[in-house]
Enquirer: 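Sharing a structure, written as structure tokens. Questions coming.
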Amino acid sequence: MANEIIKGMGFHHVALKAADFEGTVAFYEKLGMKYYTGWGKGDGRVAMLDFGDGGILEVFAGGSNAQAADPKYIHFALKVDDVDAAYAKALAIGAKEKSAPKVVPLDSAPVKLTLNCAFVYGPSGEEVEFFRILAAE
């Protein structure tokens, strides 16, 4: 559904400040993301990785593993065809388990959704959700 107020609006990227820049870039490349471009040096390095559909994960160096007391963003979700396979792959390449794959029927309105989802912690402690809509009524 197109935005009628701001024409052409759509998702472009999510930014992540990584404690381990190289490890974070390598982790997401092992999930199949493609290196798009990058710039900077040292703690000023930035890399853009394509999710596979044109959406971008922008990784910034110079982060820490400290958790914010009241984070503004909780997680980012990656749409996948097979939640179980994505979850297993992430764990195999070093992610930490948060929540194993499960089917979640939501009492949502006006569209009733049934989801399949799982959560992991990435290399810098970021929460990543693997997400698939099973039914939308």
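One is the number of the first residue; the rest follow in order along the sequence.
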Enquirer: Quick check: do Asp82 and Phe130 have side-chain heavy atoms less than 4.5 Å from each other?
Expert: no
Enquirer: Any idea which heavy atoms bring Leu49 and Tyr28 closest together, and the distance?
Expert: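 Between these two residues, the closest heavy atoms are CD1-CB, 3.8 Å.
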Enquirer: I'd like to know if the side chain of Asn3 reaches the main chain of Lys7, judged simply by a donor and an acceptor atom lying under 3.5 Å from each other, with no hydrogens or angles considered.
Expert: no
Enquirer: I'd like to know if Val128 and Ile133 are part of one continuous hydrophobic network [Ile/Leu/Val/Met/Phe/Trp/Tyr, side-chain heavy atoms within less than 4.5 Å].
Expert: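 No, separate clusters.
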Enquirer: Please report the closest heavy-atom contact between Val25 and Ala47, naming both atoms and the distance.
Expert: CG2-CB, 4.0 Å
Enquirer: Measure the shortest side-chain to side-chain distance between Met33 and Leu78 over non-hydrogen atoms and say whether it is less than 4.5 angstrom.
Expert: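 Touching, per the 4.5 Å side-chain cut-off.
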Enquirer: Report yes if the side chains of Leu16 and Val14 come closer than 4.5 Å at any heavy-atom pair, otherwise no.
Expert: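 No, side chains not in contact.
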Enquirer: Under 4.5 Å between side-chain heavy atoms, hopping through other hydrophobics if needed: is there a path connecting Leu115 to Val103?
Expert: no
Enquirer: Would Leu31 end up clustered with Tyr35 when hydrophobic side chains under 4.5 Å apart are linked, directly or stepwise?
Expert: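 Per the 4.5 Å side-chain linkage, Leu31 and Tyr35 are co-clustered.
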Enquirer: Check whether any side-chain heavy atom of Asp20 lies under 4.5 Å from a side-chain heavy atom of Phe27, and answer yes or no.
Expert: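 When only atoms from C-beta onward are counted, Phe27 and Asp20 do not touch, as no gap falls below 4.5 Å.
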Enquirer: Search all heavy atoms of Tyr87 against all heavy atoms of Phe119 and return the closest pair with its distance.
Expert: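 Minimum heavy-atom separation between Tyr87 and Phe119: CE1-O, 3.7 Å.
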Enquirer: Can you see which heavy atom on His13 is nearest to which on Phe11, and at what distance?
Expert: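 Where His13 meets Phe11 most closely, the heavy atoms are C-CZ, 3.5 Å.
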Enquirer: Could you check whether any side-chain heavy atom of Asp107 comes within less than 4.5 Å of a side-chain heavy atom of Lys112, counting everything from C-beta outward?
Expert: yes
